[in-house]
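Inspection log for the structure reproduced underneath, given as structure tokens.
Both ligands and their constituent atoms are indexed starting at 1 by order of listing. Side chains included, hydrogens not; waters and symmetry mates left out as well; all remaining heavy atoms used.
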Amino acid sequence: MEKGINILYLYPDMLELYGDFGNIQILKYRLEKRNFYCKIDKYSIGDNPPDFSSYDLVFAGGGADQEQSILADDLLKFKENIKEAIQKGTFFLLICGAYQLFGKYYKGVDGNIIPGLDIFPYYTEANEDRKKRCIGNIVIDVKLGDLSTKIIGFENHGGQTYDVFSPFGNVLYGNGNKFGDSKEGFFLNNVIATYLHGPLLAKNPNLTDFILKYCLNKKYNENIKLEPLDDGFEELCRSQLLEKFNIK
Ligand code: GLN
């Protein structure tokens, strides 16, 4: 395998909820099935600082407020390096707690402020009643290039995210960025930040291939064709779920 992608997996010991690690497994699986390599480096507090721009894809999952507050200062050290990587085109996939940390700040239930990287202008404030959380299955309508697709996932967040100027999708079922919101997540060029756990990429092979195609095309400067895989089982699961949520 001479071609492939290098992934940086951020804080795997702290940001991993509701199957987020499954996203890494799916990326690897769908690459290797097509004879591309998939190299995964992990970074957590105390490890050698990574050079974000040297990666094709950066992934970070969700975490509870406690973990977010522990790692926020560490993440802030990389602000300029992360900004540069985003500008140079490294793809960032950020789930839930990581989504929040790329914005201005996260205000916890007790009013404590966890500083964000402030790379994007949205901000998140937890609902004052800690029992009131956006929890459950979620489906959003998303445009990935020319393709319109329904993305299925699971959300569990107290944080309500405001001022998202470029959402990931329109909510068909579930909450989204806030209780009863019509918009979910944040999507700008090579950054997808979303509340969808799932694992997101296992439930949405279209999205996985969209991200892989982006990374490979950018790296090798060519229009790489991804061999279709047999997604019969995934499609069956998807149609069952969509039927259950009464979505046509
Ligand atoms: N702590 C954040 C919240 O409750 C993120 C939770 C998560 O990553 N699932 O909003």
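- Other residues, nucleotides and ligands place no more than 12 heavy atoms under 6.0 Å from the CD atom of Glu227.
- The pair Lys83-Asp118 does not count as a salt bridge, with every side-chain nitrogen at least 4.0 angstrom from each carboxylate oxygen.
- A salt bridge links Lys28 and Glu32; the closest N-O separation between the charged side-chain nitrogens and carboxylate oxygens is under 4.0 Å.
- Ion pairing of Asp163 with Lys104 is absent here, as no side-chain N (NZ or NE/NH1/NH2) approaches a carboxylate O to less than 4.0 Å.
- In summary, Asp209 and Arg30 engage in a salt bridge, as defined by a charged side-chain N under 4.0 Å from a carboxylate O.
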Please tabulate, line by line, the atom pairs linking an N/O of ligand 1 to a protein N/O at a distance below 3.5 Å, with the distance in Å to 0.1, or answer 'none'.
| from | atom 1 | to | atom 2 | distance (Å) |
| --- | --- | --- | --- | --- |
| ligand 1 | 1 (N) | Gly63 | O | 3.3 |
| ligand 1 | 1 (N) | Asp65 | N | 3.4 |
| ligand 1 | 1 (N) | Asp65 | OD1 | 2.5 |
| ligand 1 | 1 (N) | Gln68 | OE1 | 2.9 |
| ligand 1 | 4 (O) | Arg133 | NH1 | 3.3 |
| ligand 1 | 4 (O) | Arg133 | NH2 | 2.9 |
| ligand 1 | 4 (O) | Gly158 | N | 3.1 |
| ligand 1 | 8 (O) | Gly63 | N | 2.9 |
| ligand 1 | 8 (O) | Gly63 | O | 3.2 |
| ligand 1 | 8 (O) | Gly97 | N | 3.0 |
| ligand 1 | 9 (N) | Asn156 | O | 3.0 |
| ligand 1 | 9 (N) | His197 | NE2 | 3.2 |
| ligand 1 | 10 (O) | Gln100 | NE2 | 3.0 |
| ligand 1 | 10 (O) | Gly158 | N | 3.1 |
| ligand 1 | 10 (O) | Gly159 | N | 2.8 |

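- Judged by distance alone, with hydrogens and angles left aside, the side-chain atoms of Asn81 form no donor-acceptor pair with the main-chain N or O of Asp51 at under 3.5 Å.
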